[in-house]
Amino acid sequence: MASDLMVYSYKHGFSGFAAKLTKSQAQKLAELPGVVLVIPNSLHKLQTTRSWDFLGLSSHSPNNILHNSNMGDGVIIGVFDTGLWPESRVFRDEGLGPVPSRWKGACKSGDKFNATTHCNKKVIGARWYINGFLAEYGQPLNTSEGQEYLSPRDANGHGTHTASTAGGSFVGNVSYKGLGSGSVRGGAPHAHLAIYKVCWDVLGGLCASADILKAFDDAIHDGVDVLSLSIQSSIPRFSDVDERDGHCNGFIPCSSTMDRAFLSPITLGNNKTLLGQAIFTGKEIGFTGLVYPESSTDFDPKAAGICEVLLLNNISVSGKVVLCFTSMTRRTAMLVASEIVQEAGGVGLIVAKNPNDALYSCDGDFPCIEVDYEIGTKILFYIRSTRSPLVKLSPSKTIVGKPVSPKVAYFSSRGPNSIAPAILKPDITAPGVNILAATSPLDLLGDGGYAIKSGTSMSTPHISGIVALVKALHPNWSPAAIKSALITTAWQTDPSGLPIFAEGSPQKLANPFDFGGGIVNPNGAADPGLVYDMGTTDYIHYLCAMAYNNSAISRLTLQSIVCPSTKLSILDVNLPSITIPSLRNSTTITRTITNVGALKTKYRVVIEPPIGIMVSVNPDVLVFNSTIKKISFKVTISTTHKVNTGYYYWKPNVD
Ligand SMILES: *[C@@H]1O[C@H](CO)[C@@H](O)[C@H](O)[C@H]1NC(C)=O
Ligand SMILES: *[C@@H]1O[C@H](CO)[C@@H](O)[C@H](O)[C@H]1NC(C)=O
Ligand SMILES: *[C@@H]1O[C@H](CO)[C@@H](O)[C@H](O)[C@H]1NC(C)=O
Ligand SMILES: *[C@@H]1O[C@H](CO)[C@@H](O)[C@H](O)[C@H]1NC(C)=O
Ligand SMILES: *[C@@H]1O[C@H](CO)[C@@H](O)[C@H](O)[C@H]1NC(C)=O
Ligand SMILES: *[C@@H]1O[C@H](CO)[C@@H](O)[C@H](O)[C@H]1NC(C)=O
Ligand SMILES: *[C@@H]1O[C@H](CO)[C@@H](O)[C@H](O)[C@H]1NC(C)=O
Ligand SMILES: *[C@@H]1O[C@H](CO)[C@@H](O)[C@H](O)[C@H]1NC(C)=O
């Protein structure tokens with residue numbers, strides 16, 4: 001069966017999949033329009049938590065940030081995820097320092113979770129949040145037979161994995177399905193963990209924004225230093241609550257598992273298999289008729305095949321699968337279409353839609369498979385090319401996946417920044433491929449309490465662990481300073497000097513829209529020399545620049561705020577990057593840099609602008625001494641390009 005041949009699907013860094021194919025199948029696949037490249041798999045020796053060595057954090061080398069920060073001793077990492085499996089050895093607390101006295105959090109007992117025995121000096125807090133989830137879910141959670149626990153206990157495994165990656169203790173002699181053995185550990189093995197279970201093991205993991213916000217609220221109160229969230233689209237924007245509904249109707253299928261893909265093979269009568277996405281857990285629909293209802297709309301021919309206005313009376317749908325197209329972003333189109341198809345006796349629905357919209361499932365076991373317009377069009381061409389089109393729908397496989405250089409989410413935003421194009425996203429990249437860490441024994445992907453997972457979800461706790469190390473080393477650095485340190489020191493080549501590629505295509509070198517500052521370099525971040533720092537005033541200026549008004553900002557900050565009368569530019573937000581979405585004539589921006597290196601240091605600006613772009617920096621020599629720790633400079637950027645031809649990238653250097 002096709003679904004057994006799927007190995008991985010890749011969804012975020014690029015769109016693609018790994019599958020077991022014969023040579024000729026692979027060749028055919030490579031010829032399909034829309035397929036950029038097919039490359040053969042190759043075997044690599046599995047190194048347990050090799051990612052830390054890759055990042056220069058070997059526990060054997062005495063002089064790295066891991067050792068200099070005392071392995072994150074004293075720092076508290078909050079993990080928002082599916083909870084934890086408390087018996088896992090990665091949560092043991094041997095050798096850990098005492099619970100910090102500033103800790104005000106709680107360890108809550110519940111279903112199969114005893115605060116007295118399950119919290120310790122490693123796991124210093126554990127709470128769970130379900131009300132927002134239940135409100136959306138509309139039915140009680142099935143807690144029988146270990147399907148879920150009304151407690152911090154992790155039925156899914158994702159939370160155990162991310163917590164273990166960020167701050168798990170050393171565990172020696174771990175092997176996964178006999179593939180390799182070695183030790184597993186988190187990025188900051190001596191940090192403390194505070195577990196906030198906000199995601200529930202339904203459809204692979206769902207988290208409600210109401211629960212997440214409550215957990216934020218608690219975590220801030222509890223005294224967490226670093227928050228690690230491997231959850232997508234979870235944070236409603238300050239601006240507009242209605243907009244949140246637009247993006248994340250009903251459940252936010254955030255999570256964990258959105259960087260797993262739910263892949264549903266669609267096999268056409270010509271034996272071509274196309275991949276759709278669905279949360280379809282029912283039985284396979286064997287080869288049956290496939291129809292596109294173009295002759296069914298007797299009121300408006302232009303509405304033919306449009307999901308939300310399907311009229312199926314006149315075509316025989318009974319026992320068949322229906323293809324329709326929609327441009328609606330909401331779930332309605334799919335629900336309406338699935339009802340109409342089911343009423344007409346149809347057995348399945350294929351919806352072609354914009355792939356950027358969220359994944360929705362139909363109710364029950366009825367298969368509603370989503371495809372993008374391109375695949376939808378292919379299916380349509382197939383239908384039109386044959387007298388009796390057939391299709392087979394296979395149940396979804398939950399597949400973790402994402403290859404090299406995933407994009408990393410700082411919780412504020414991810415991906416191309418649609419809210420503020422002048423603010424570069426993503427920020428940074430961390431390993432997210434084949435990460436071995438602890439999991440719940442109930443995790444089907446696990447073996448002996450460990451699992452290898454890939455995805456942005458796995459990158460995030462790497463960053464969280466590294467942030468914890470930097471925080472332990474420099475307790476007084478602000479979040480902005482730590483973030484700046486990570487971004488300005490990141491590698492723009494991989495550690496072996498090879499360029500970083502993006503989108504699965506060797507033709508395209510990764511650019512800052514793919515990897516932000518680059519691949520995180522923890523030892524570099526320990527000593528960045530200079531940082532672009534930000535404090536409350538800077539964040540308020542950001543909100544002013546985003547055109548929020550005084551009363552709105554005052555309500556947010558709980559203090560009376562008056563934005564300056566001269567309009568602040570978002571370009572002047574003190575970030576370690578400059579992004580100018582539309583450069584016309586000449587633009588001058590300001591940055592302020594703070595010396596965190598040797599007291600007496602002189603920096604000279606080196607400019608290597610792209611062709612057609614002129615850049616000047618004033619002053620171009622920055623001299624720091626014991627009294628001068630901060631210096632502001634202006635960057636004037638102008639262009640000879642008459643029209644906006646896209647983004648050019650330029651990494652400034654300082655000597
Ligand atoms: C939790 O564990 C403690 C220590 O083993 C035990 O005394 C207590 O009865 C347990 N509580 C529950 C609710 O099982
Ligand atoms: C809950 O899960 C159990 C075990 O899989 C199953 O037997 C039972 O029918 C489920 N209950 C409900 C209400 O779905
Ligand atoms: C490692 O684990 C294997 C199997 O679990 C065991 O046979 C072996 O003795 C262990 N090695 C060490 C050094 O503990
Ligand atoms: C599809 O594959 C089946 C089994 O391999 C074969 O019997 C059938 O002829 C193929 N159909 C087409 C149209 O190639
Ligand atoms: C079905 O098709 C027939 C003939 O094409 C037409 O007369 C009739 O109005 C159609 N009925 C519906 C409900 O669309
Ligand atoms: C400020 O913004 C809020 C939300 O956008 C709006 O409701 C309010 O009317 C505005 N107030 C003023 C004084 O413009
Ligand atoms: C850009 O320069 C041109 C020619 O010097 C001038 O006419 C135009 O007003 C300038 N545009 C802006 C936005 O400054
Ligand atoms: C630091 O540099 C400034 C400007 O050059 C100078 O005025 C000041 O005296 C210097 N401070 C020390 C301690 O050298």
Side-chain angles (χ1 to χ4, degrees), residues 82-89 91-94 99 105-128 130-131 133-157 193 195 197 199-206 251 257 262 279-283 361-366 395-398 440-446 529-531 533 590-605 617-634 654-655:
T82 59
L84 84 162
W85 193 265
E87 289 82 6
S88 176
R89 290 192 289 159
F91 300 123
R92 291 190 186 170
D93 66 354
E94 284 101 25
V99 175
C107 185
K108 301 267 193 191
S109 292
D111 191 5
K112 302 269 195 318
F113 193 92
N114 182 336
T116 314
T117 52
H118 291 143
C119 279
N120 56 19
K121 286 184 288 177
K122 169 55 74 181
V123 179
I124 63 172
R127 303 172 181 266
W128 79 96
I130 197 171
N131 295 346
F133 169 80
L134 289 178
E136 291 291 345
Y137 191 48
Q139 50 181 297
L141 197 58
N142 190 342
T143 54
S144 70
E145 295 174 27
Q147 298 207 27
E148 248 305 356
Y149 303 94
L150 295 176
S151 77
R153 185 175 288 273
D154 179 11
N156 175 294
L193 291 170
I195 303 298
K197 177 172 172 178
C199 303
W200 297 88
D201 192 25
V202 169
L203 300 176
L206 295 172
F251 279 122
T257 37
F262 301 92
I279 301 172
F280 163 40
T281 52
K283 285 212 174 71
S361 67
C362 292
D363 300 326
D365 284 347
F366 187 76
S396 315
K397 254 191 113 118
T398 308
S440 160
L442 303 174
D443 181 357
L444 298 175
L445 295 168
L530 299 170
V531 292
D533 201 0
T590 304
R591 287 289 184 273
T592 300
I593 209 152
T594 305
N595 182 21
V596 293
L599 286 183
K600 281 187 75 165
T601 328
K602 186 169 167 179
Y603 290 90
R604 194 168 47 84
V605 174
V617 177
N618 184 29
D620 63 357
V621 176
L622 311 176
V623 185
F624 295 91
N625 61 23
S626 58
T627 49
I628 300 188
K629 299 207 187 315
K630 274 180 192 282
I631 299 178
S632 293
F633 59 90
K634 290 195 180 304
V654 278
D655 279 357

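All ligand and atom numbering here is 1-based and tracks the order in the structure.
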*Asks:* Could you tell me whether some N/O pair between T117 and ligand 1 is separated by less than 3.5 angstrom?
*Replies:*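 The answer is no, given that T117 and ligand 1 share no N or O pair closer than 3.5 Å.
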
*Asks:* Does Y149 reach the side chain of L442, with side-chain heavy atoms less than 4.5 Å apart?
*Replies:* yes

*Asks:* Output the list of atoms in ligand 8 that are nearer than 4.0 Å to some heavy atom of N625, sorted by atom number.
*Replies:*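 It comes down to these atoms of ligand 8: 1 (C), 2 (O), 3 (C), 8 (C), 10 (C), 11 (N), 12 (C), 14 (O).
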
*Asks:* Filter the ligand 2-protein atom pairs down to N or O on both sides and distance under 3.5 Å, then list them.
*Replies:*
from: ligand 2; atom 1: 2 (O); to: N142; atom 2: OD1; distance (Å): 3.3
from: ligand 2; atom 1: 2 (O); to: N142; atom 2: ND2; distance (Å): 2.4
from: ligand 2; atom 1: 2 (O); to: S144; atom 2: OG; distance (Å): 3.1
from: ligand 2; atom 1: 2 (O); to: Q147; atom 2: NE2; distance (Å): 2.5
from: ligand 2; atom 1: 5 (O); to: Q147; atom 2: NE2; distance (Å): 2.5
from: ligand 2; atom 1: 11 (N); to: N142; atom 2: ND2; distance (Å): 2.8
from: ligand 2; atom 1: 14 (O); to: N142; atom 2: ND2; distance (Å): 3.4

*Asks:* Evaluate the side-chain proximity of D443 to W85: yes if any heavy-atom separation is below 4.5 Å, no if none is.
*Replies:*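 No, too far: nothing below the 4.5 Å cut-off.
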
*Asks:* In ligand 8, which numbered atoms sit nearer than 4.0 Å to a non-hydrogen atom of S626?
*Replies:*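 Answer, ordered by atom number: 13 (C).
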
*Asks:* Looking at K630, I'd like to know if its NZ atom is crowded, meaning that more than 12 non-hydrogen atoms belonging to other residues, nucleotides or ligands lie closer than 6.0 Å.
*Replies:* yes

*Asks:* Given side chains that start at C-beta, do those of D201 and T82 come closer than 4.5 Å, heavy atoms only?
*Replies:* no

*Asks:* Counting only heavy atoms from other residues, nucleotides and ligands, does the tally under 6.0 Å from NZ of K283 exceed 12?
*Replies:*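 Counting neighbours around NZ of K283, 12 or fewer heavy atoms of other residues, nucleotides or ligands fall under 6.0 Å, so no.
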
*Asks:* Hey, can you tell me if F624 and Y603 have their rings parallel, tilted or perpendicular (30° and 60° cut-offs)?
*Replies:* perpendicular

*Asks:* Residues two or more places apart in sequence or in another chain: which of them pass salt bridge (Lys or Arg N to Asp or Glu O under 4.0 Å) with R153?
*Replies:*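 E87.
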
